[in-house]
Amino acid sequence: MSEQDQALPQQDENQIIAERRAKLKAIREAGVAFPNDFKREHQAGSLIAQFGDKSKEELEGLNIEVAVAGRMMLKRVMGKASFATVQDGTGRIQFYINDQGVGAETHAAFKHWDMGDILAARGVLFKTNKGELSVNVTELRLLSKSLRPLPEKFHGLADQEQKYRQRYLDLITNEFSRDTFVKRSKIVQGVREYMVAEGYLEVETPMMHPIPGGATAKPFVTHHNALDMALYLRIAPELYLKRLVVGGMERVFEINRNFRNEGMSTRHNPEFTMMEFYEAYADYQRMMELTEGVIQSVARAVCGSLHIQYQGKPVDLSRFERLTIVEAIKKYNPHYSDEQLSDRAWLKEEIVRAGGKPVLTDGIGGLQLSLFEEVAESQLWNPTFIVDYPVEVSPLARESDQHKGITERFELFVVGRELANGYSELNDPEDQAERFLSQVAQKDAGDDEAMHFDADYVRALEFGMPPTGGCGIGIDRLVMLLTDAPSIRDVILFPQMRHE
RNA sequence: GGGUCGUUAGCUCAGCUGGUAGAGCAGCGGACUUUUAAUCCGUUGGUCGCAAGUUCGAAUCUUGCACGACCCA
């Protein structure tokens, strides 16, 4: 830590915080202010699951002693009796506090404790007259004083910016947000289990690359002092994972972060999570089957169904359609003729008419792809594999044996967004070297997203890579789909933000 | 990068065609022994995002900047 960092930053103080600091000072003077000797034995969620249905009389007969702890979210002081609603990692449970249970002194102290304080209680489970499972507290402790007031108890935290910047407040106050991140964890776990069951090995490859590769994107650059060399935060793990296939790891996957130095939006965060997987002796057809299988598997596990809602509209994950780029264009634009869609000049004009940027390339496939992006992509609501991508935009994919200029590649679209991208891998080292050279030419021509020539990767291919299929699935976007989140920032715990 | 909207008490929000700031929650004091966003009475709390301009006077009008949300690229 530098000297500068050690100085306490200016904190916003106000009357409420000052009053709470005074309370904390009094607690310090009375003894240990932040005790850690309380042994919690029960959690709210399981107590409610276990005893929530029991009647008042049944509970009296059972006489269940519990030790619970959590953050005080609601407080109702009624003179000789008080109630506190306490939230732990599993749910909420109510404390009933009176002089007989905890003694007049502790009860009086409790009346000055604040919302947000971390409390612990021992006591006996009972049901109130209104039927709420509660703890009749016999021992009550303040474990952590909260100095800052929580967001308003009813409306919670409404400010989107504060939700993202102070995610802990969002998690404390917003059950929906907590649920989203629990689901995210389950989705990642489900994906991992599915791949392992398919015989895949999970690996970790470098996040810092001497040559950025595996995708067309702008990288973040950093510097290694001891080696005095530039390093790039990876834009994709692809080239390393395929080196592993060369090395004989025939089914590998990695779930990890990629970094792309591009604009931010509701669909883009500078760092995002992808799963990439590679399988020897497989092709893009097999990759589509796996992609469909893993998405359906986690959807069943997390949503309980393949028929889900996204932003108020139904999505049917039970069937994944397959269309070529031209088929997809025609499906949503039946007025286009085959002649028009194979006419370079007409395509160029139509792309601009549809709102796209003018396209410089003369490749028919590239022009069709640009038109597809303008007039079809956003309409692909139910899962759809788009196949037959032109070779000029697929520098790592294997060219089709039947159709020159077309690669054995697919992208998966759901709710109008790209969710996955896969192909039969290019394993011809001489073809790969030529593709890299073509990329370098594009880079020299000013395209700063074009790829570098990765000589070690070509060398690896020269040792011989088996025919291989590969695919990447955007985990953040998958989580968005399955948690009904409108923005990628809603599924990333700490999304990237500007300086406050 | 462009457009639209927003930024007022710790939080959620009012505040009209300019006249110097308001509610609810939270806090503080009081009443209340099964409450449920507890209720009731009293009360503290503000550089109205920042800066400049117009004006006798700006939360309010104008411009710029910062940050955010949404849409478009």
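We name chains A, B, ... by the order of the sequence lines, and we start the count at 1 in each one.
- Ring geometry for A/F372 against A/F413 counts as perpendicular: the plane angle is over 60°, on a 0 to 90° scale with 30° as the lower cut.
- Taking 4.0 angstrom as the limit, A/R76 places a side-chain polar atom (N or O) nearer than this to OP1 or OP2 of B/A38.
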Could you list the protein-to-nucleotides 65-67 of chain B atom pairs, N/O on both sides, closer than 3.5 Å?
| from | atom 1 | to | atom 2 | distance (Å) |
| --- | --- | --- | --- | --- |
| B/C67 | O3' | A/R165 | NH2 | 3.2 |
| B/C67 | O2' | A/E161 | OE2 | 3.0 |

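- Sequence order on RNA chain B of the closest nucleotides to A/E132 and A/R489 puts A/E132 first from the 5' end.
- Using atom C1' as the reference point in both B/C56 and B/G49, the two lie 27 Å apart (nearest Å).
- At whole-Å resolution of the value, CG in A/D117 and C1' in B/G10 are 15 Å apart.
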Collect all protein-nucleotide pairs involving nucleotides 71-73 of chain B in which both atoms are nitrogen or oxygen and the distance is under 3.5 Å.
none

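- Residue-level contact check: A/G156 touches the backbone only, with heavy atoms under 4.0 Å from sugar-phosphate atoms and none from bases.
- Both A/K80 and A/L157 lie near RNA chain B, and the one whose nearest nucleotide falls closer to the 5' end is A/L157.
- Of the P atoms belonging to B/C16 and B/G30, the separation is 39 Å, rounded to the nearest Å.
- Of the listed nucleotides (B/U35, B/U12, B/U33), B/U33 has the atom at the smallest distance from the side chain of A/N98.
- The base of B/U36 is paired with the side chain of A/T128 by a donor and an acceptor separated by under 3.5 Å.
- Between B/U17 and B/A31, the two C1' atoms lie 46 Å apart (nearest whole Å).
- A search for ring-ring contact (aromatic ring centres under 6.0 Å, His included) contacts involving A/Y310 returns nothing, not counting sequence neighbours.
- In this structure B/G42 sits in a base pair with B/C28, meeting the Watson-Crick or G-U test at under 3.5 Å.
- A/Q100 has its CD atom 12 Å from the P atom of B/U34, to the nearest Å.
- When the P atom is compared between B/C72 and B/G19, the two are found 39 Å apart, to the nearest whole Å.
- Out of B/A37, B/U33, B/A69, the shortest distance to the side chain of A/Y164 is found at B/A69.
- Taking a cutoff of 4.0 Å between a charged side-chain nitrogen and a carboxylate oxygen, A/R122 and A/E41 qualify as a salt bridge.
- Evaluation of the salt bridge (charged side-chain N to carboxylate O under 4.0 Å, His left out) rule for A/R167 yields A/D170 as partners, not counting sequence neighbours.
- Judged by Watson-Crick or G-U wobble contacts below 3.5 Å, the nucleotide B/A66 has B/U7 as its partner.
- Nucleotides B/C25 and B/G18, compared at atom C1', are 31 Å apart to the nearest Å.
- Identified under the ring pair (Phe, Tyr, Trp, His ring centres under 6.0 Å) test for residues 119-147 of chain A, with sequence neighbours left out: A/Y96-A/F126.
- To the nearest whole angstrom, the two P atoms, one in B/C28 and one in B/G45, are 16 Å apart.
- Taking atom CZ of A/F95 as the reference point, atom C1' of B/U34 lies 17 Å away to the nearest angstrom.
- In this structure A/L419 satisfies the side-chain contact (heavy atoms from CB on, under 4.5 Å) test together with A/I295, A/L412, A/V414, A/R477, A/L478, A/L481, sequence neighbours excluded.
- Nearest to the side-chain atoms of A/P151 among the listed nucleotides B/U34, B/G68, B/C11 stands B/C11.
- For the pair A/L74 CG and B/A37 P, the interatomic distance rounds to 8 Å; values are reported in whole Å.
- Ionic pairing of A/E29 and A/K25 is present here: one or more N-O contacts between side-chain nitrogen and carboxylate oxygen are shorter than 4.0 angstrom.
- Atom name C1', nucleotides B/U8 and B/A58: the rounded distance is 14 Å, in whole Å.
- Donor-acceptor pairing under 3.5 Å, judged by distance alone, is present between the side chain of A/Q94 and the base of B/U35.
- For A/V77, the listed nucleotide lying nearest its side chain is B/C32; candidates were B/U34, B/A69, B/C32.
- With respect to the salt-bridge test (charged N to carboxylate O, under 4.0 angstrom), the residues A/E175 and A/R92 do not qualify.
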Would you give a per-nucleotide map of nucleotides 24-30 of chain B, 5' to 3', where B means the base has a protein non-hydrogen atom under 4.0 Å away, S means only the sugar-phosphate does, and - means neither? BBBSSS-
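- Atoms CD (A/Q496) and P (B/A69) sit 12 Å apart, rounded to a whole Å.
- For A/F385, the ring-ring contact (aromatic ring centres under 6.0 Å, His included) partners two or more places apart in sequence, or in a different chain, are A/F320, A/F410.
- Going from atom CD of A/E175 over to atom C1' of B/A37 covers 15 Å, rounded to whole Å.
- Sorted by first then second residue, the side chain to side chain donor-acceptor pair (under 3.5 Å) pairs that include residues 380-393 of chain A, not counting sequence neighbours, are A/Y389-A/E411.
- Comparing the same atom, P, in B/C48 and in B/G22 gives a spacing of 14 Å after rounding to whole Å.
- For B/A14, there is no paired nucleotide, since no Watson-Crick or G-U wobble pair has both relevant distances below 3.5 Å.
- Computed from coordinates, the A/Q166 CD to B/C11 P distance equals 9 Å when rounded to whole Å.
- The nucleotide B/U55 finds no pairing partner, because no Watson-Crick or G-U wobble arrangement with both distances shorter than 3.5 Å includes it.
- Residues in residues 485-496 of chain A take part in these side chain to side chain donor-acceptor pair (under 3.5 Å) pairs, two or more places apart or across chains: A/Y164-A/D490.
- Classification of A/R141 and A/D37 as a salt-bridged pair holds, one side-chain N sitting under 4.0 Å from a carboxylate O.
- Nucleotide B/U33 forms a pair with no other nucleotide shown, judged by Watson-Crick or G-U wobble geometry with both contacts under 3.5 Å.
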Tabulate below the donor-acceptor pairs under 3.5 Å that side-chain atoms of residues 68-83 of chain A make, not counting sequence neighbours, or state none.
| from | atom 1 | to | atom 2 | distance (Å) |
| --- | --- | --- | --- | --- |
| A/R71 | NH1 | A/G116 | O | 2.9 |
| A/K75 | NZ | A/K111 | O | 2.8 |
| A/K75 | NZ | A/W113 | O | 2.5 |
| A/R76 | NH2 | A/T85 | OG1 | 3.3 |
| A/R76 | NH2 | A/Q94 | OE1 | 2.6 |
| A/S82 | OG | A/H107 | NE2 | 2.7 |

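- Sorted by first and then second residue, the ring pair (Phe, Tyr, Trp, His ring centres under 6.0 Å) pairs with a member in residues 135-162 of chain A form an empty list; sequence neighbours excluded.
- Whole-Å rounding puts the A/K127 NZ to B/U35 C1' distance at 16 Å.
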